[in-house]
Amino acid sequence: MNPKGQVPVLQLDNHDILTENAIILQYIADQAAGLNDKLIAPMGSLQRYHQLELVNYIATELHKGFSPLFSPLTPDNYREIVIKSLITKFSYMENLLVKRKFICGEHFTIADAYLFTIYRWATAVNVDLSQYQHLKQYIEEKISPRKSVQEALTAEGLI
């Protein structure tokens, strides 16, 4: 469905498609406005741009960094370099969570949903993030137990 030959892709009711995770997340959050105004800050607010900064950091520095680890063609010595780089980049998330309840502040946003997915990839490809206790606690206590998260994991056959 994605003309770029990648995932993700979201097909809308009118058959139009959206690609790129950061855009799809914004679209979903904007559609939920009024139902859950906290998924993304209001349009034009500085808080929204800071949230989108984090979404884009997750997309470009974390998400994209995992690509070589999903390929069986990646040489082992390069895998080690990629893993070390990713572990270092997760330190930014850890440092934010030292002083925040959620990655963008006091409530769950699209950035939290995205970070949760990427964090789970780390376990799947043996990236050891155990040194980041605030990140681990945040995932285990604030994100994983959410009803919507449990429903999504169940629907996808992941639990």
Side-chain angles (χ1 to χ4, degrees), residues 1-43 47-71 82-83 86-87 89-94 96-97 100-159:
M1 283 180 92
N2 187 333
K4 299 169 188 165
Q6 303 289 319
V7 291
V9 63
L10 175 66
Q11 185 172 21
L12 307 177
D13 290 340
N14 68 0
H15 302 288
D16 196 0
I17 63 167
L18 293 174
T19 64
E20 303 305 325
N21 217 8
I23 301 306
I24 292 170
L25 287 169
Q26 289 174 71
Y27 176 82
I28 290 169
D30 287 340
Q31 299 311 298
L35 302 172
N36 187 347
D37 290 328
K38 293 183 177 183
L39 285 177
I40 194 166
M43 193 83 75
Q47 183 182 14
R48 183 182 183 110
Y49 300 116
H50 285 303
Q51 289 172 355
L52 294 176
E53 258 183 324
L54 283 169
V55 167
N56 282 289
Y57 181 84
I58 295 166
T60 60
E61 300 302 323
L62 299 178
H63 182 155
K64 198 65 172 175
F66 275 91
S67 296
L69 300 179
F70 289 122
S71 172
V82 170
I83 288 170
L86 280 167
I87 290 170
K89 289 178 181 185
F90 270 100
S91 70
Y92 180 64
M93 300 289 109
E94 172 73 4
L96 291 175
L97 290 165
R100 297 179 178 178
K101 184 176 178 180
F102 291 94
I103 204 65
C104 291
E106 290 302 309
H107 56 81
F108 181 87
T109 67
I110 59 174
D112 297 291
Y114 196 7
L115 182 56
F116 175 75
T117 299
I118 303 307
Y119 181 89
R120 286 181 54 91
W121 289 359
T123 302
V125 294
N126 299 317
V127 175
D128 182 7
L129 299 176
S130 61
Q131 69 190 22
Y132 300 128
Q133 290 303 304
H134 292 92
L135 179 60
K136 183 179 183 220
Q137 182 179 7
Y138 151 85
I139 293 293
E140 291 176 356
E141 296 177 12
K142 298 207 173 56
I143 309 301
S144 290
R146 295 175 65 84
K147 183 181 177 198
S148 58
V149 169
Q150 291 299 306
E151 288 172 351
L153 292 173
T154 299
E156 297 212 1
L158 298 173
I159 57 170

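Values below: all heavy atoms of this structure, side chains included; hydrogens, waters and symmetry mates excluded.
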**Request:** With sequence neighbours left out, write down each residue that passes side-chain hydrogen bond (donor to acceptor under 3.5 Å, both in side chains) with Gln47, or none if nothing qualifies.
**Result:** none

**Message:** If you compare all heavy atoms of Leu86 against all heavy atoms of Gly65, which two are closest, and at what distance to 0.1 Å?
**Reply:** CD1-O, 3.8 Å

**Message:** For Ser130, give me all partners under side-chain hydrogen bond (donor to acceptor under 3.5 Å, both in side chains), at least two apart in sequence or on another chain.
**Reply:** Asp128

**Partner residues of Lys89 under the salt bridge (Lys or Arg N to Asp or Glu O under 4.0 Å) criterion, sequence neighbours left out** = Glu61

**Message:** Can you list everything that forms a salt bridge (Lys or Arg N to Asp or Glu O under 4.0 Å) with Lys64? Sequence neighbours excluded, please.
**Reply:** none

**Message:** Applying side-chain hydrogen bond (donor to acceptor under 3.5 Å, both in side chains) as the test, list every pair that has at least one member in residues 48-57; sequence neighbours left out.
**Reply:** Asp30-Arg48, His50-Glu53

**Message:** Going by side-chain contact (heavy atoms from CB on, under 4.5 Å), name the residues that satisfy it together with Ala122, two or more places apart in sequence or in a different chain.
**Reply:** Phe66, Val127, Leu129

**Asked** Between Ala111 and Ile58, which heavy-atom pair has the shortest distance, and what is it?
**Response** O-CD1, 3.5 Å

**Item:** Contacts of type side-chain hydrogen bond (donor to acceptor under 3.5 Å, both in side chains), residue Asp16, not counting sequence neighbours
**Value:** none

**Complete:** For Tyr138, the ring pair (Phe, Tyr, Trp, His ring centres under 6.0 Å) test, sequence neighbours excluded, returns none

**Message:** Quick one, Met93 and Leu62 - any side-chain contact, counting heavy atoms below 4.5 Å?
**Reply:** yes

**Request:** Quick one: which residue pairs count as a salt bridge (charged side-chain N to carboxylate O under 4.0 Å, His left out) with a foot in residues 129-140, not counting sequence neighbours?
**Result:** Lys136-Glu140

**Request:** Could you tell me which residues satisfy salt bridge (Lys or Arg N to Asp or Glu O under 4.0 Å) with Glu141, sequence neighbours excluded, listed by chain and number?
**Result:** none

**Request:** Output every pair passing salt bridge (charged side-chain N to carboxylate O under 4.0 Å, His left out) with a member in residues 100-122, not counting sequence neighbours, ordered by first then second residue.
**Result:** none

**Request:** State which residue, out of Leu96, Ile143, Leu115, fulfils the side chain to side chain contact (heavy atoms under 4.5 Å, CB included) condition with Phe102.
**Result:** Ile143

Enumerate, atom names and distances included, each donor-acceptor pair closer than 3.5 Å involving a side-chain atom of residues 151-159, sequence neighbours excluded.
{"from": "Thr154", "atom 1": "OG1", "to": "Gln150", "atom 2": "O", "distance (Å)": "2.8"}

